Amino acid sequence: MTKPCASKTHSFKLAIGGLLAFLLLATGCHSVESDVTVSNQSNAYSSTSVTSDMSQQTLRQQALRIQRALANKDFARITNDIHPTRGVRFSMYAYVRPESDKVFSRAQFAQYLQQSNIRFTWGEKDGTGDLLITPLPTYLDTWVKGATFNDASISLNELKNNGNSINNLKDVYQNSEVVEFYHKGSDEYAGMDWRVLRLVFDEYQGKRYLVAIINDQWTV
C-alpha cells in the first residue's frame with residue numbers, strides 16, 4: 001500500500017519542479033528581452049541626439065562661412081550656397097515681402113555682381129519712405145553690412161531679437177532653418193544702432209542652400 005503513495009509523491013514533486021523550471025525560464029527570457037529593448041531604445045536616442053547635434057553644427061558653420069564672405073566683401077564666394085532652383089531673396093527689414101523683394105537665381109547673382117552698373121529698387125527706407133536704389137554689390141556692402149556681425153551673438157532656429165517691424169519669417173518660410181546674427185549696438189547710440197542678419201536655409205537633394213538674406217534694425 002505504501003508504494004502507490006510514494007509513486008504519487010514522486011510524480012507530484014516532478015510536476016512542481018517542472019512548473020518552477022518553466023516559470024524561471026520564462027521570467028529569465030523576459031528579462032533578457034527587456035534589457036535588449038531598453039538597450040536598443042537607448043542607442044537609438046543617443047544616435048538621434050548625435051545626428052541632431054552634428055546637423056546643427058553644420059548649419060552654424062555654413063552660416064558663419066557665408067557671413068564671413070559677406071564681411072570680407074567676397075560676395076561671389078556665396079554663389080554656390082544659393083538655392084539651385086529657388087534662388088535667394090533679399091529683405092531690407094524683418095517683414096518679408098514676397099511680392100516685391102528682390103530674388104536672384106545663382107546665375108543672376110553672379111551676373112549682377114559683375115555688372116555693378118545695374119541698379120535695383122530694394123524697397124523703402126523706414127522713416128523717410130525714400131526708395132533704396134543701388135547695384136547688388138553696393139546693397140551687400142552698405143545694407144547687409146556683413147562685417148557688422150563679426151562678433152555677433154548667434155541663434156539657430158530661434159528668433160530672439162525683434163524690433164518694431166512685424167516679423168513674418170516663419171509664415172513665409174514655414175519649413176526652413178534660420179541662423180540669426182545679432183549685433184547689440186553701441187553705447188554711443190544707447191543700443192539703438194542694433195542690427196540683425198538672418199540667413200534662411202532650405203534643403204534640396206540632401207544639402208542645405210541659402211534662400212533668403214533678411215536684415216532687421218531699429219524702425220520708427
Side-chain angles (χ1 to χ4, degrees), residues 56 59-75 78 81-83 86-104 109 112 119-202 208-220:
Q56 294 294 291
L59 174 63
R60 181 186 177 93
Q61 289 174 345
Q62 184 176 7
L64 278 169
R65 179 167 51 76
I66 292 172
Q67 181 269 324
R68 285 166 184 159
L70 293 170
N72 295 329
K73 302 181 183 182
D74 191 4
F75 305 133
I78 75 171
D81 287 289
I82 295 174
H83 198 284
R86 297 179 58 187
V88 59
R89 171 181 282 117
F90 295 92
S91 299
M92 287 178 60
Y93 298 103
Y95 190 80
V96 180
R97 302 178 184 275
E99 70 283 354
S100 60
D101 286 342
K102 286 290 172 284
V103 179
F104 297 132
F109 183 81
Y112 297 135
R119 302 195 306 164
F120 299 94
T121 301
W122 301 92
E124 295 181 359
K125 294 180 180 179
D126 176 73
T128 65
D130 294 339
L131 294 177
L132 177 61
I133 304 175
T134 191
L136 174 60
T138 305
Y139 177 85
L140 294 172
D141 183 26
T142 62
W143 192 267
V144 176
K145 298 175 72 172
T148 304
F149 307 98
N150 283 340
D151 298 315
S153 60
I154 302 175
S155 303
L156 275 63
N157 294 318
E158 186 177 2
L159 306 181
K160 291 185 175 182
N161 304 283
N162 294 303
N164 296 331
S165 299
I166 297 174
N167 188 339
N168 65 338
L169 188 153
K170 287 300 182 182
D171 295 326
V172 178
Y173 299 100
Q174 297 181 8
N175 299 312
S176 303
E177 295 187 278
V178 57
V179 179
E180 180 181 273
F181 295 81
Y182 173 67
H183 169 65
K184 66 179 182 179
S186 64
D187 293 336
E188 179 182 359
Y189 295 100
M192 293 181 67
D193 54 339
W194 62 268
R195 301 271 300 187
V196 166
L197 171 67
R198 298 186 180 105
L199 303 179
V200 186
F201 298 87
D202 270 2
R208 288 191 186 94
Y209 291 99
L210 185 68
V211 293
I213 296 178
I214 302 172
N215 288 94
D216 195 12
Q217 62 188 61
W218 186 85
T219 55
V220 298

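The structure presented is a predicted model; accordingly, all values stated were derived computationally and were not measured.
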### Task
To the nearest 0.5 Å, tell me how far S186 OG sits from M192 CE.
11.0 Å
### Message
Return the CG to CG distance between L70 and N72, rounded to the nearest 0.5 Å.
### Response
9.0 Å
### Message
For a quick test of reading the model, state the closest non-hydrogen atom pair linking S165 to A94 and the distance between them.
### Response
CB-CB, 4.1 Å
### Task
Indicate whether the side chain of Y173 and that of R198 have a donor and an acceptor atom separated by less than 3.5 Å.
no
### Task
Would you give the length of the straight line joining atom CG of D101 to atom CD1 of I214, rounded to the nearest 0.5 angstrom?
8.0 Å
### Query
Got a sec, which residues hit side-chain contact (heavy atoms from CB on, under 4.5 Å) with I82, two or more places apart in sequence or on another chain?
V88, R106, F109
### Query
Nearest 0.5 Å, what's the CD1-CG distance between I154 and L64?
4.0 Å
### Query
Taking atom CG of D130 as the centre, does the number of heavy atoms from other residues, nucleotides or ligands within less than 6.0 Å exceed 12?
yes
### Query
Which residues pass the side-chain contact (heavy atoms from CB on, under 4.5 Å) test with N168, sequence neighbours left out?
Y95, V96, D171, V172
### Query
With F75, which of L140, L136, V144 fulfils side-chain contact (heavy atoms from CB on, under 4.5 Å)?
L140
### Task
Flag the pair V196 / E180 as yes when at least one side-chain heavy-atom distance between them is below 4.5 Å, and no otherwise.
yes
### Message
Assess, by modelled atom type and distance only, whether the side chains of Q217 and D193 contain a donor and an acceptor separated by less than 3.5 Å.
### Response
no
### Query
Of the non-hydrogen atoms in S155 and E158, which two are nearest, and what is the gap between them?
CB-O, 3.4 Å
### Task
Determine the interplanar angle of the Y93 and W143 rings, folded into 0 to 90°, and report it as parallel if under 30°, tilted if 30 to 60°, perpendicular if over 60°.
perpendicular
### Task
Check the pair N150 / H183 against side chain to side chain contact (heavy atoms under 4.5 Å, CB included), numbers first and verdict last.
CA-CA 9 Å; N150 283 340; H183 169 65; over 6 Å; no
#### Entry: Which atom of T219 lies closest to which atom of D126, heavy atoms considered
CA-OD2, 3.2 Å
### Query
Given side chains that start at C-beta, do those of F181 and T148 come closer than 4.5 Å, heavy atoms only?
no
### Task
Show the numbers, then the answer: is there a side chain to side chain contact (heavy atoms under 4.5 Å, CB included) between L59 and N157?
CA-CA 10 Å; L59 174 63; N157 294 318; 4.0 Å; yes
### Message
As a quick check of understanding, evaluate side chain to side chain contact (heavy atoms under 4.5 Å, CB included) for R65 and D81, giving each step before the final call.
### Response
CA-CA 10 Å; R65 179 167 51 76; D81 287 289; 2.9 Å; yes
### Summary
When Q62, E177, H83 are each screened for side-chain hydrogen bond (donor to acceptor under 3.5 Å, both in side chains) with R208, the one that passes is E177
### Task
Could you tell me whether K184 atom NZ has more than 12 heavy atoms of other residues or ligands within 6.0 Å of it?
no
### Query
Are any non-hydrogen side-chain atoms of N164 and V220 less than 4.5 angstrom apart?
no
### Summary
Closest non-hydrogen contact found for I78 with A69 is CG2-CB, 3.7 Å
### Task
Apply the test side chain to side chain contact (heavy atoms under 4.5 Å, CB included) to residues R89 and V103: give CA-CA distance (whole Å), side-chain angles for both, the deciding distance (0.1 Å), then the verdict.
CA-CA 4 Å; R89 171 181 282 117; V103 179; 3.8 Å; yes
### Rounded distance (nearest 0.5 Å) linking atom CZ of R60 with atom CG of L199
12.5 Å
### Query
Is the distance between the ring centroids of Y139 and F120 less than 6.0 Å?
no
### Message
Quick check for you: to the nearest 0.5 Å, what is the distance between Q67 atom CD and L197 atom CG?
### Response
7.5 Å
### Task
For L131, enumerate each residue passing the side-chain contact (heavy atoms from CB on, under 4.5 Å) test, keeping only those at least two apart in sequence or located in another chain.
T121, E124, I133
